[in-house]
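So the structure is just underneath, and the comments pick up after that.
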There are 2 protein chains.
Amino acid sequence: MTNILDTIIAQAKLSKKETVKQQRIVESAIALFAEKGYANTSTSEIARASGVAEATIFRHYGTKDNLLLSVIVPFLKEFNPLLMQDVIQTVKPEDHETFEDFLTALLRNRAAFLQENKEIFQIVVKELLYREELRKDLLPHIQLDLVLKHMYKALDRYKASGELADLPNEMLMRMIFTCIGGYFATRFILLPERSEAQYEQELKMLLRFILDGVRGKG
Amino acid sequence: MTNILDTIIAQAKLSKKETVKQQRIVESAIALFAEKGYANTSTSEIARASGVAEATIFRHYGTKDNLLLSVIVPFLKEFNPLLMQDVIQTVKPEDHETFEDFLTALLRNRAAFLQENKEIFQIVVKELLYREELRKDLLPHIQLDLVLKHMYKALDRYKASGELADLPNEMLMRMIFTCIGGYFATRFILLPERSEAQYEQELKMLLRFILDGVRGKG
DNA sequence: ATAAAAAGTAAGTAATCACTCACAAAATTG
DNA sequence: CAATTTTGTGAGTGATTACTTACTTTTTAT
């Protein structure tokens, strides 16, 4: 069996354009997968929701699994450049005097991205939780190297200015990301019904917490 | 329609004892639900895995959904007293001079509990992610009030001794729990394949991070 | 304008799903 | 021991699943 991902990417390159009906299929699939999960959504349901014959789905995507990948893969492929270029180019340490400013910009940048791609983000997280094979196939294609290098440089800069503790970059990154991940998970997946103002306030709290922990300055 | 939870609890009280085959059914169901998820596991599969006729499952549990609840509810019911009594009684602030010691004890206590109930924990998290109705029915039955009161008292104590920042208890709790939640999620759900030593080291890092954040002491 | 290719679909397919039923075996009760 | 209840099951049920096939419509290329 060949790699699913490469198959999809190759197929995506071959197909010159997306039909109107294809767009509607993917659109409906995203909404339904995000709402009820992949396994709980039937192809007939997707067909009905997108006003298309069920056979049309299979004409274009072959299998249901393939449709899921056609939804996830473009997101991950976009996620890469967006995570890399968007983050690296628009959130530069040299533009931010303090690490606090830098981290604020980074958090706002990522929060905005996830807000825009909330549904697909939900699908990716939920399905990656369930399906180990997907995890193994898809995760390696998210190349974090460049972003990590970018982040490490940023960390070094703020360590030099004494604003960050002199801890290993790896450790700092893992702590920061676990924390941010927890925040994003509760915000976009567990409790997606709060107000913007609440999110804003929580984001500020999160920042203060990441920077200073819970210990008094004594 | 009546409340699912109450129905189950009532039913559990009625059924005097668990049959050997019932135990095997629940055992197999837990393993399969945790591995492949509820929707991806068929009742025939559970029957085969537990060496029982498929009809036997429906004799005891009526529906597949009911079987899932028979797995989740006892866990949540146990979770409550265990979270409350076990935590409140064995992790007392008066036994720990510093907040660091207290938090260490708390983290170890919870980590041990989740390690023992890893599979059911995975099922609960995954299914609660997917199914809003389950969330609405089950979450209210986890009464965190007592634990929160216990924690608030602890926080006040360590605030008074100057070891904790003088921030609102609610805020402190949310930050600590988001952070711990992120750690437990990565440990027990996302990356469940690391060594004990790694977990131990990470737990220490997590503690330091919660206490001091990433900011240098300058 | 016409041939070829691509897009779309109605009406299937076999397989699997959760679940039922009639009945037998085993355990419990009087 | 006999009557009754509980536990267990083989053989189904209709519904739904992902997917196919044979065919029509639309688009594209020449």
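So you know, we letter chains A, B, ... as the sequences are listed, proteins then strands, and number each from 1.
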Checklist entry - Does the salt bridge (charged side-chain N to carboxylate O under 4.0 Å, His left out) test come out yes or no for B:D137 and B:R131, once each step is laid out? => result CA-CA 10 Å; B:D137 278 349; B:R131 298 160 50 146; over 6 Å; no

Checklist outcome for this item: The side chain to side chain donor-acceptor pair (under 3.5 Å) partners of B:S44 (sequence neighbours excluded) come to B:S42

All N/O pairs under 3.5 Å across the protein-nucleotides 7-9 of chain D interface:
| unit_1 | atom_1 | unit_2 | atom_2 | d |
| --- | --- | --- | --- | --- |
| D:dT7 | O4 | B:R59 | NH1 | 3.2 |
| D:dG8 | OP2 | B:H60 | NE2 | 2.5 |
| D:dG8 | O3' | B:K21 | NZ | 3.4 |
| D:dG8 | N7 | B:R59 | NH1 | 3.4 |
| D:dG8 | O6 | B:R59 | NH1 | 3.3 |
| D:dT9 | OP1 | B:K21 | NZ | 2.7 |
| D:dT9 | OP2 | B:A53 | N | 3.2 |
| D:dT9 | OP2 | B:T56 | OG1 | 2.7 |

Item to check | Derivation of the salt bridge (charged side-chain N to carboxylate O under 4.0 Å, His left out) call for A:R187 and A:E202 | outcome: CA-CA 10 Å; A:R187 170 159 171 183; A:E202 263 184 71; over 6 Å; no

Checklist entry - With side chains defined as the heavy atoms from C-beta onward, is the minimum distance between B:F33 and B:I46 less than 4.5 Å? => result yes

Next on the checklist: Side chains of B:L139 and B:L76, heavy atoms from C-beta outward: is any pair under 4.5 Å?
Outcome noted: no

Checklist entry - What are the residues of residues 27-41 of chain B, sorted by number, that bring a heavy atom to within less than 4.0 Å of DNA chain D? => result none

Item to check | B:E170 atom CD, over 12 foreign heavy atoms within 6.0 Å | outcome: no

Item to check | Nearest-Å distance for atom pair NZ/C1', residues B:K64 and C:dT20 | outcome: 18 Å

Checklist entry - Which residues pass the salt bridge (Lys or Arg N to Asp or Glu O under 4.0 Å) test with B:E116, sequence neighbours left out? => result none

So which protein N/O to nucleotides 25-29 of chain D N/O distances come out below 3.5 Å?
none

Item to check | Ring center gap for A:F209 and A:Y183 short of 6.0 angstrom | outcome: no

Checklist entry - Starting at CZ of A:F58 and ending at P of D:dT17, how long is that distance when rounded to a whole Å? => result 11 Å

Next on the checklist: Under 4.0 Å from OP1 or OP2 of D:dA18: is there any side-chain N or O of A:T63 that close?
Outcome noted: no

Checklist entry - Between A:S42 and D:dT17, does any side-chain N or O lie under 4.0 Å from OP1 or OP2? => result yes

Next on the checklist: Quick check on A:Q201: does its CD atom have over 12 non-hydrogen neighbours (other residues, nucleotides or ligands) under 6.0 Å away?
Outcome noted: no

Item to check | B:N66 CG to C:dT20 P, straight-line distance once rounded to whole Å | outcome: 12 Å

Next on the checklist: Which residues pass the salt bridge (Lys or Arg N to Asp or Glu O under 4.0 Å) test with B:E132, not counting sequence neighbours?
Outcome noted: B:K136

Checklist entry - Are any of the side-chain heavy atoms of A:L155 and A:F99 separated by less than 4.5 Å? => result yes

Next on the checklist: Rounded to whole Å, how long is the line connecting atom CZ of A:R48 with atom P of C:dA10?
Outcome noted: 14 Å

Next on the checklist: Distance check needed: C:dA18 P versus B:I25 CD1, whole Å only.
Outcome noted: 14 Å

